[in-house]
Amino acid sequence: MSVLFKALPTESVRALQEGGGDAYGHAPERRISDGDGVPCRHCLRNVAAGDAYLILAYRPFPELQPYAETGPIFLHAEACERAEEAEAIPELFMDTKDYIVRGYSADDRIVYGTGAVVPTPDIAERARALLEREEVAYLHMRSARNNCYQCRIERG
């Protein structure tokens, strides 16, 4: 089985870049990058030093419910190209030693027993194993330190 690492959808990102409200209905905060650790969740690249970026609350679920976590993410302030869906973990994530990988059901609930901190080189293999389970519809890859949403992983 192949897996796909997926960035945020362009339609949602453009609305935020044009001043639309975040998960709490607030306008994203605008800052200037120092070039260190500002990963855009749309192009899956770091925002370069001197470039503007947005900080906003993001909820990667279609509706409010008990498992619909909300947290901070970064986006380029200006339009950027969405990262192509890829079977390999995007280069952006390779400098971090590990991430949380967690499975969700078709009704967007955590599938208990799927969440684990996984060494970065092992994430694609872990994702394949989890997505072989019928009850797992998709995965989130999140920061192992702060639980921030990084990307979605689906069956390829």
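Bear in mind that the values here come from a model prediction, so they are computed numbers and not experimental data.
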(request) Supply the atom-to-atom distance Asp95 CG to Asn46 CG, rounded to the nearest 0.5 angstrom. (result) 8.5 Å
(message) So His26 and Asp22, do their side chains get closer than 4.5 Å, heavy atoms only?
(response) yes
(request) Check whether any side-chain heavy atom of Leu8 sits under 4.5 Å from a side-chain heavy atom of Leu75, and report yes or no. (result) yes
(message) Check whether Thr120 reaches the backbone of Thr96 with its side chain - one donor and one acceptor, N or O, closer than 3.5 Å.
(response) yes
(message) If I compare all heavy atoms of Gln17 with all of Ala79, which pair ends up nearest, and what's the gap?
(response) OE1-CA, 3.7 Å
(request) Answer whether the closest heavy-atom distance between the side chains of Tyr138 and Asp108 falls below 4.5 Å. (result) yes
(request) Calculate, to the nearest 0.5 Å, the distance between atoms CG and CD1 belonging to Asp51 and Ile32 respectively. (result) 7.5 Å
(message) As an exercise, state the distance from CD of Glu125 to CG of Leu130, rounded to the nearest 0.5 Å.
(response) 11.0 Å
(message) Quick check: is Val101 connected to Val136 through a chain of hydrophobic side chains (ILVMFWY, heavy atoms under 4.5 Å apart)?
(response) yes
(message) Around atom CD of Glu135, are there more than 12 heavy atoms from other residues, nucleotides or ligands closer than 6.0 Å?
(response) yes
(request) For residues Val118 and Tyr99, determine if any side-chain heavy atom of one lies less than 4.5 Å from a side-chain heavy atom of the other. (result) no
(message) For residues Tyr58 and Val47: do they belong to one hydrophobic cluster (side chain heavy atoms under 4.5 Å, members Ile, Leu, Val, Met, Phe, Trp, Tyr)?
(response) no
(message) Please report the interatomic distance CD(Glu81) to CZ(Arg45), rounded to the nearest 0.5 Å.
(response) 9.0 Å
(message) Set out, in order, the CA-CA distance, both residues' side-chain angles and the distance that settles side chain to side chain contact (heavy atoms under 4.5 Å, CB included) for Arg59 and Leu64, then state yes or no.
(response) CA-CA 9 Å; Arg59 186 183 68 241; Leu64 288 174; 3.4 Å; yes
(request) For Ala86, check side chain to side chain contact (heavy atoms under 4.5 Å, CB included) against everything at least two apart and list the hits. (result) none
(request) Return the minimal non-hydrogen interatomic distance between Gly113 and Arg133, and the atom names on each side. (result) O-NH1, 4.4 Å
(request) List the atom of Cys43, the atom of Ala83, and the distance in Å for their closest heavy-atom pair. (result) O-CB, 3.4 Å
(message) Would you say that Val13 contacts Arg82 through its side chain, given a criterion of any heavy-atom pair below 4.5 Å between the two side chains?
(response) no
(request) Check Ala23 against Thr70 and note the closest heavy-atom contact, atom names and distance. (result) CB-CG2, 3.8 Å
(message) Are Val3 and Met94 connected into the same hydrophobic cluster when the rule is that any two of I, L, V, M, F, W, Y join if their side-chain heavy atoms are below 4.5 Å apart?
(response) yes
(message) Looking at Thr114 and Arg102, would you say the former's side chain and the latter's main chain have a donor-acceptor pair under 3.5 Å?
(response) no
(request) Might you point out which heavy atoms bring Ala144 and Ile100 nearest each other, and give the distance in Å? (result) CA-CG1, 3.8 Å
(message) Do Ile123 and Leu92 land in one hydrophobic cluster if side-chain heavy atoms of ILVMFWY residues count as linked below 4.5 Å?
(response) yes
(request) Drop me the distance from Ser105's OG to Ile110's CD1, to the nearest 0.5 angstrom. (result) 9.5 Å
(request) With the side chain counted from C-beta on, respond yes when Ser12 and His42 share a heavy-atom pair under 4.5 Å apart, and no when they do not. (result) no
(message) According to a hydrophobic-cluster definition based on side-chain heavy atoms being under 4.5 Å apart (Ile, Leu, Val, Met, Phe, Trp, Tyr only), do Phe5 and Leu131 belong together?
(response) yes
(message) Would you say that Asp107 contacts Gln65 through its side chain, given a criterion of any heavy-atom pair below 4.5 Å between the two side chains?
(response) no
(message) Check whether Arg30 reaches the backbone of Pro28 with its side chain - one donor and one acceptor, N or O, closer than 3.5 Å.
(response) no
(message) Quick one: does any side-chain atom of Gln150 pair with a main-chain N or O of Cys148 as donor and acceptor, under 3.5 Å?
(response) yes
(message) For residues 136-156, which residue pairs pass the salt bridge (charged side-chain N to carboxylate O under 4.0 Å, His left out) check, not counting sequence neighbours?
(response) Lys6-Glu154, Glu69-Arg142, Asp98-Arg145, Arg152-Glu154
(message) Is any side-chain heavy atom of Ser33 closer than 4.5 Å to one of Phe74?
(response) no
(request) First locate atom OG of Ser2, then atom CD of Glu87, and finally report the distance between them rounded to the nearest 0.5 Å. (result) 4.5 Å
(message) Angle between ring planes, His140 versus Phe61, binned at 30° and 60°: parallel, tilted or perpendicular?
(response) tilted
